[in-house]
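Residues take their numbers from the sequence shown, with the count starting at 1.
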Amino acid sequence: TALIWIIIINVITGLTLMITSFAMASIPDTAELDRSLKWVWRIFPGFCLGDSLLQIATQSIVAGFLGDAFEQPSFYDTDVAGANIRYMYILAPIWL
């Protein structure tokens with residue numbers, strides 16, 4: 001049915017774009033391009049969800065390893081999940 005196809009498309013685009021973004025951010029030559037493309041990729045809600053969860057997990061893991069030496073930002077900070085949340089909030093009426 002159509003609902004199944006929409007779910008499959010959202011999962012595939014979200015997962016693929018999240019992995020691509022993570023790989024591009026890890027390579028110094030493509031990190032700047034990744035920062036520019038994230039604003040385009042945030043059109044897909046699956047990417048916003050996946051990227052937010054990845055950033056939250058990364059912050060928690062780094063804080064666990066570094067302890068008090070790492071000042072952990074809020075999860076709602078723009079660099080963690082705030083930008084994705086804001087983008088989904090703005091695009092929600094369009095997607096509905």
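- No side-chain heavy atom of I7 sits less than 4.5 Å from a side-chain heavy atom of N10.
- When hydrophobic clusters are built by joining Ile, Leu, Val, Met, Phe, Trp and Tyr residues whose side-chain heavy atoms come closer than 4.5 Å, directly or via intermediates, L15 is grouped together with M24.
- Proximity of D51 to K38: side-chain heavy atoms (C-beta onward) are separated by under 4.5 Å at one or more points.
- T20 is listed as a side-chain neighbour of W41, based on a closest heavy-atom distance under 4.5 Å.
- Checked by atom type and distance alone, the side chain of W95 never pairs as donor or acceptor with a backbone atom of M88 at under 3.5 Å.
- L53 and F22 fall into different hydrophobic clusters, where Ile, Leu, Val, Met, Phe, Trp and Tyr residues are linked whenever their side-chain heavy atoms come under 4.5 Å apart, directly or through other members.
- Atom OH of Y76 has 12 or fewer neighbouring heavy atoms from other residues, nucleotides or ligands inside a 6.0 Å radius.
- Using a 4.5 Å cut-off between side-chain heavy atoms of Ile, Leu, Val, Met, Phe, Trp and Tyr, with links allowed through other members, F44 and I12 fall into different hydrophobic clusters.
- At a threshold of 4.5 Å between non-hydrogen side-chain atoms, the residues S60 and F65 do not count as touching.
- Contact annotation: the side chain of M18 never approaches that of L49 to less than 4.5 Å [non-hydrogen atoms, C-beta and beyond].
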Could you check Q59 against D77 for side chain to side chain contact (heavy atoms under 4.5 Å, CB included), going step by step and ending with a plain yes or no?
CA-CA 11 Å; Q59 295 294 326; D77 191 26; over 6 Å; no

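- One finds the CG atom of L37 at 10.0 Å from the OG1 atom of T30 (value rounded to the nearest 0.5 Å).
- I94 is connected to Y87 through a chain of hydrophobic side-chain contacts under 4.5 Å among Ile, Leu, Val, Met, Phe, Trp and Tyr, so both are in one cluster.
- A distance of 12.5 Å separates CZ of R86 from CG of L91, quoted to the nearest 0.5 Å.
- Y89 is not connected to I43 by any chain of hydrophobic side-chain contacts under 4.5 Å among Ile, Leu, Val, Met, Phe, Trp and Tyr, and they are in different clusters.
- Judged purely by atom type and a 3.5 angstrom limit, S21 has no side-chain atom pairing as donor or acceptor with the backbone of L17.
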